[in-house]
Amino acid sequence: MAARLSRHELSDLCLGKPPLRSLSVDDTVADALAALKKIDDNYVSVWNCHHSFMRKPQPKNQTTVSKCTTCTCIGKVCMVDIICFLSKPQNLSSPSAALHSPISALLHQSSSLLVRHLPPTASLAEAIDVMHEGVHNLVIPIQNQFEGFDSNTLRHDDKTIYCWLTQEDIFRYLLNSIGVFSPTAANPINTLGVIDTQNLFAVCYDDPASSVLDLLSLSLIYQSSVAIVDPNGKFVGEISPFVLNSCDEAVVPAMATLSAGDFTSYIDCGGPPEDLVQLVKERVEDKNLSELLPDETGLCSWSSFSSSCSSDEDSCSGKNWKLGGYSGRVGRRSEAMVCYRWSSLVAVMIQALAHRVSYVWVVEEDGTLTGIVTFQAMLKVFREHLKSMC
């Protein structure tokens, strides 16, 4: 059974996957911001070619980038990347100029290592091996791609349409055959070596929210989050990339002026409390960062660039451009997911999948934060189990 499962082809996992939306390396931060407001996915892929769903296809002799031998995905960006970029001190004073920056400004040094092209005939075991190396997304050509796609679907130079698979997709597929991993899946996580105590990103409640910018960027690479703890080390909340991805650039003023603890209340999916909204306005004015505040129409000075998609009928309708920063996508609860060191692996796995996150915090009975369990760590256990049975 385990051997048969490991030989399943990735084309089986790609069934029903939507075509991948692509941006070109020639696009700007503003293009990425507008793109993320158009799509349901939290991430948009970046390619080394001229193909971009934000622009109409150009004649081959008028491409804006040098012709490459193959179209290759070189990374991915999300709303957290944009919020962290705009929140940098040098960009706070000139947000409009920051939005004109090339999209490469959003890519991490390791961005190209987080995505990998694989053929649809690759096996599940191959996918798990690749993701075990740290890859987040597998870029897969869609088979039978001429069925059900309209003329606006982006095709690359080889006329191929792609989708991608995430670690979450792999785990949902494995969950359907969880019995294969018995009894390992039922073992406590503290016996499996999956609790990470080294890459544990945390700040104190009263620390400036801006102090988490570098940690948020790291948490994207580790697919984790930034914990908020009290002076005694007890877990009181988090600044989660999964919540922050449901916001937009209008949370930048709050990031620049609030404490970490207040910022978690500000980005709660119920909307920011009025007293915090007023506090942000006052502090922005005190810091002479009035460009970050919306005018009487509700638009920030940078919105003329980032809202360029508003003329499209399927674009930014329903987006909240006012101070508060919530996009039209489904908001996520800011309540953090926690487990205990004696929780079973399958229980933690189901907990993460049920809440659409890639990690679960580990705490003691008194609430002290002791570690974190990520998909990456869990994947190692399932990989070793499959290899031991094949």
Side-chain angles (χ1 to χ4, degrees), residues 13-58 63-65 68 70-83 99 102-104 106-107 111-112 114-118 120 135-143 145-169 220 241-242 245-249 305-319 327-330 356:
L13 283 73
C14 292
L15 293 175
K17 278 285 184 180
L20 189 59
R21 299 297 186 96
S22 306
L23 290 179
S24 167
V25 71
D26 265 3
D27 285 325
T28 65
V29 173
D31 292 323
L33 180 57
L36 287 165
K37 291 180 176 182
K38 275 190 171 187
I39 64 177
D40 293 328
D41 200 345
N42 283 332
Y43 287 88
V44 62
S45 62
V46 181
W47 293 64
N48 66 345
C49 52
H50 63 275
H51 300 102
S52 173
F53 85 99
M54 292 302 295
R55 300 194 301 266
K56 293 183 178 179
Q58 300 176 358
T63 57
T64 57
V65 295
C68 52
T70 57
C71 296
T72 304
C73 181
I74 59 172
K76 58 177 184 173
V77 296
C78 64
M79 194 64 74
V80 176
D81 290 313
I82 295 175
I83 292 171
L99 284 171
I103 199 171
S104 58
L106 301 177
L107 297 176
S111 289
S112 61
L114 303 181
V115 295
R116 183 81 59 86
H117 283 257
L118 283 182
V135 172
H136 294 178
N137 296 71
L138 303 175
V139 182
I140 315 292
I142 296 180
Q143 295 180 314
Q145 55 187 269
F146 296 103
E147 300 177 9
F149 296 128
D150 59 37
S151 58
N152 294 322
T153 300
L154 192 151
R155 300 173 188 271
H156 290 272
D157 281 342
D158 56 1
K159 307 302 180 185
T160 301
I161 302 171
Y162 294 86
C163 67
W164 65 13
L165 295 174
T166 65
Q167 290 186 1
E168 179 183 338
D169 294 320
L220 290 176
F242 296 89
N245 270 332
S246 296
C247 303
D248 60 27
E249 79 281 10
F305 300 103
S306 62
S307 62
S308 59
C309 59
S310 61
S311 59
D312 299 334
E313 62 177 326
D314 64 340
S315 58
C316 296
S317 57
K319 301 293 192 274
S327 72
R329 289 171 291 172
V330 177
R356 303 298 304 274

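Along the sequence shown, residues are numbered consecutively beginning with 1. Quick note: numbers below take in every heavy atom, side chains included, and nothing from hydrogens, waters or symmetry partners.
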Leu165 vs Cys14, test: side-chain contact (heavy atoms from CB on, under 4.5 Å). Steps then yes/no. CA-CA 7 Å; Leu165 295 174; Cys14 292; 4.1 Å; yes
Can you find a pair of side-chain heavy atoms, one from [X] and one from [Y], that are under 4.5 Å apart?
X      : Y      : answer
Ile103 : Asp31  : no
Val77  : Val44  : yes
Lys76  : Asn137 : yes
His50  : Val25  : no

Using modelled atom types and a 3.5 Å cut-off, is there a donor and acceptor pairing between side-chain atoms of Ser24 and backbone atoms of Asp26?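 A pair under 3.5 Å: yes.
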Please test Asp248 against Lys37 for side-chain contact (heavy atoms from CB on, under 4.5 Å), starting from the C-alpha separation and ending with a verdict. CA-CA 8 Å; Asp248 60 27; Lys37 291 180 176 182; 3.7 Å; yes
Taking the six-membered ring for Trp, are His117 and Trp47 parallel (under 30°), tilted (30 to 60°) or perpendicular (over 60°)?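 His117 and Trp47: perpendicular rings.
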From OG (Ser22) to OH (Tyr162), nearest 0.5 Å: 9.5 Å
Measuring from atom CG of Asn48 to atom OG of Ser112, what distance do you get when rounded to the nearest 0.5 angstrom?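 So the gap between those two atoms works out to 11.0 Å.
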Mind checking what makes side chain to side chain contact (heavy atoms under 4.5 Å, CB included) contact with Cys78, not counting sequence neighbours? Tyr43, Val80, Asp81, Leu220, Asn245
Which residues pass the side chain to side chain contact (heavy atoms under 4.5 Å, CB included) test with Pro120, sequence neighbours left out? Ser11, Ile140, Pro141, Gln143
Does Leu99 form a side-chain contact (heavy atoms from CB on, under 4.5 Å) with Thr28? I'd like the steps, not just the answer. CA-CA 7 Å; Leu99 284 171; Thr28 65; over 6 Å; no
Sequence neighbours left out, what passes ring pair (Phe, Tyr, Trp, His ring centres under 6.0 Å) with Trp164? Give chain and number order.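 Ring pair (Phe, Tyr, Trp, His ring centres under 6.0 Å) list for Trp164, sorted by chain: empty.
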Before giving the answer on side-chain contact (heavy atoms from CB on, under 4.5 Å), spell out for Leu23 and His51 the whole-Å C-alpha distance, their side-chain angles and the decisive distance to 0.1 Å. CA-CA 7 Å; Leu23 290 179; His51 300 102; over 6 Å; no
